[in-house]
Amino acid sequence: MAFWLMKSEPVTYGIHHLKAEGETLWDGVRNYQARNFLQTMAVGDQAFFYHSNCKPPGIVGLMTITAEQVVDPTQFDPASPYFDPKATLEKPRWFTVKASFTREFAQMITLSTLKAQFSPEELGVLKKGNRLSVLPVSPAIANRILELA
DNA sequence: GCCAACGTTGGC
DNA sequence: GCCAACGTTGGC
């Protein structure tokens, strides 16, 4: 079982949306490195839900991966902002996962708290200039994050 | 709103 | 294959 960190802007899709829905298809990732991480996810993996582009940013809860290697349907939808004209049904370009709500932390673990606890090497989201929306988290660091929650 | 970081595109 | 231009992310 692996741990991950997945970012979303709370205005667009926050943890309260996931809590209400129970499960979501994590669509719209259009970065190859992030996609490659998505493709290595397995059912049962745990992912920290990170709120980005808000005040303050931080980890707000935990999700569980419930489906792996899911073809992102938005790549075929011309009306979607995530439409990719180069993707075909025979050869899809974008894959993702389904994730279910597991828990919301009593209080957000803010970015500043994370920075105080971990080095950028320990936790990739702290690296300067990092823009990946899907990142791996080592089990040791994941356990330490869970102790903060 | 600013701007650093960085991925992508496209001309050559 | 190089690299300038451009667009996006995301913290501050």
Side-chain angles (χ1 to χ4, degrees), chain A residues 2-21 23-41 45-65 68-138 140-142 144-149:
Chain A
F3 287 94
W4 306 89
L5 182 146
M6 297 165 84
K7 296 181 192 172
S8 184
E9 300 190 11
V11 176
T12 310
Y13 194 91
I15 191 146
H16 52 285
H17 293 106
L18 181 62
K19 196 174 186 176
E21 280 192 301
E23 184 186 54
T24 191
L25 177 70
W26 203 268
D27 61 9
V29 174
R30 292 294 179 271
N31 169 287
Y32 288 105
Q33 206 179 340
R35 179 205 64 182
N36 294 344
F37 284 136
L38 286 167
Q39 284 195 276
T40 66
M41 287 185 187
D45 283 1
Q46 307 274 101
F48 293 103
F49 197 131
Y50 180 92
H51 279 180
S52 67
N53 215 356
C54 57
K55 287 191 278 190
I59 294 172
V60 289
L62 198 63
M63 305 181 269
T64 303
I65 305 307
E68 58 193 59
Q69 297 286 350
V70 181
V71 173
D72 184 340
T74 61
Q75 67 193 301
F76 308 122
D77 178 6
S80 167
Y82 306 121
F83 177 63
D84 183 345
K86 290 177 183 167
T88 63
L89 284 167
E90 296 72 31
K91 202 155 191 188
R93 181 178 286 197
W94 304 107
F95 293 83
T96 188
V97 296
K98 281 186 187 174
S100 67
F101 176 84
T102 301
R103 58 181 282 216
E104 181 176 7
F105 297 152
Q107 55 181 24
M108 166 192 269
I109 307 169
T110 63
L111 179 58
S112 66
T113 298
L114 292 170
K115 280 179 175 169
Q117 297 287 329
F118 305 105
S119 70
E121 290 70 34
E122 289 175 313
L123 189 61
V125 76
L126 304 179
K127 282 187 184 145
K128 194 179 178 187
N130 163 69
R131 286 165 43 188
L132 270 184
S133 63
V134 180
L135 294 152
V137 179
S138 77
I141 300 300
R144 285 174 59 194
I145 294 171
L146 289 169
E147 284 169 16
L148 297 172

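Computed from a predicted model, the values in this text were never measured in an experiment. Letters go in sequence order (proteins before strands), and every chain restarts at 1. Note that these values count all heavy atoms, side chains included, but never hydrogens, waters or copies made by symmetry.
A:Trp26 has its ring centre no less than 6.0 Å from the ring centre of A:Phe95.
Within 6.0 Å of CD on A:Glu122 lie more than 12 heavy atoms contributed by other residues, nucleotides or ligands.
The distance between atom OH of A:Tyr82 and atom P of C:dG7, rounded to the nearest whole Å, is 19 Å. One atom, NZ of A:Lys55, and another, C1' of C:dG10, lie 13 Å apart when rounded to the nearest Å. Per the geometry, CE belonging to A:Met6 stands 16 Å off P belonging to C:dT9, to the nearest Å.
Note: A:Phe49 and A:His51 have perpendicular aromatic rings, judged against thresholds of 30 and 60 degrees for the angle between ring planes.
For A:Tyr50 and C:dG11, the shortest distance from a side-chain N or O to OP1 or OP2 is below 4.0 Å. For C:dG10, one of the phosphate oxygens OP1 or OP2 lies less than 4.0 angstrom from a side-chain nitrogen or oxygen of A:Lys7.
With no hydrogens or angles considered, a side-chain donor-acceptor pair links A:Thr64 and A:Gln46 at under 3.5 Å.
For the segment residues 28-35 of chain A, the set of residues with a heavy atom within less than 4.0 Å of an atom of DNA chain B comprises A:Asn31, A:Tyr32, in numerical order. The stretch residues 118-135 of chain A comes close to DNA chain B through A:Lys128, A:Gly129, A:Arg131, each having a heavy atom under 4.0 Å from the strand.
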Please lay out, stage by stage, how A:Leu111 and A:Leu126 fare under the test side-chain contact (heavy atoms from CB on, under 4.5 Å).
CA-CA 8 Å; A:Leu111 179 58; A:Leu126 304 179; 3.5 Å; yes
Starting from the C-alpha separation in whole Å, work towards a yes-or-no answer on side-chain contact (heavy atoms from CB on, under 4.5 Å) for A:Trp94 and A:Asp27.
CA-CA 9 Å; A:Trp94 304 107; A:Asp27 61 9; over 6 Å; no
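Taking CZ of A:Arg30 as the reference point, atom CG of A:Asp72 lies at 4.5 Å (rounded to 0.5 Å).
Minimum heavy-atom separation, A:Leu18 to A:Ala99: CD1-O, 3.8 Å.
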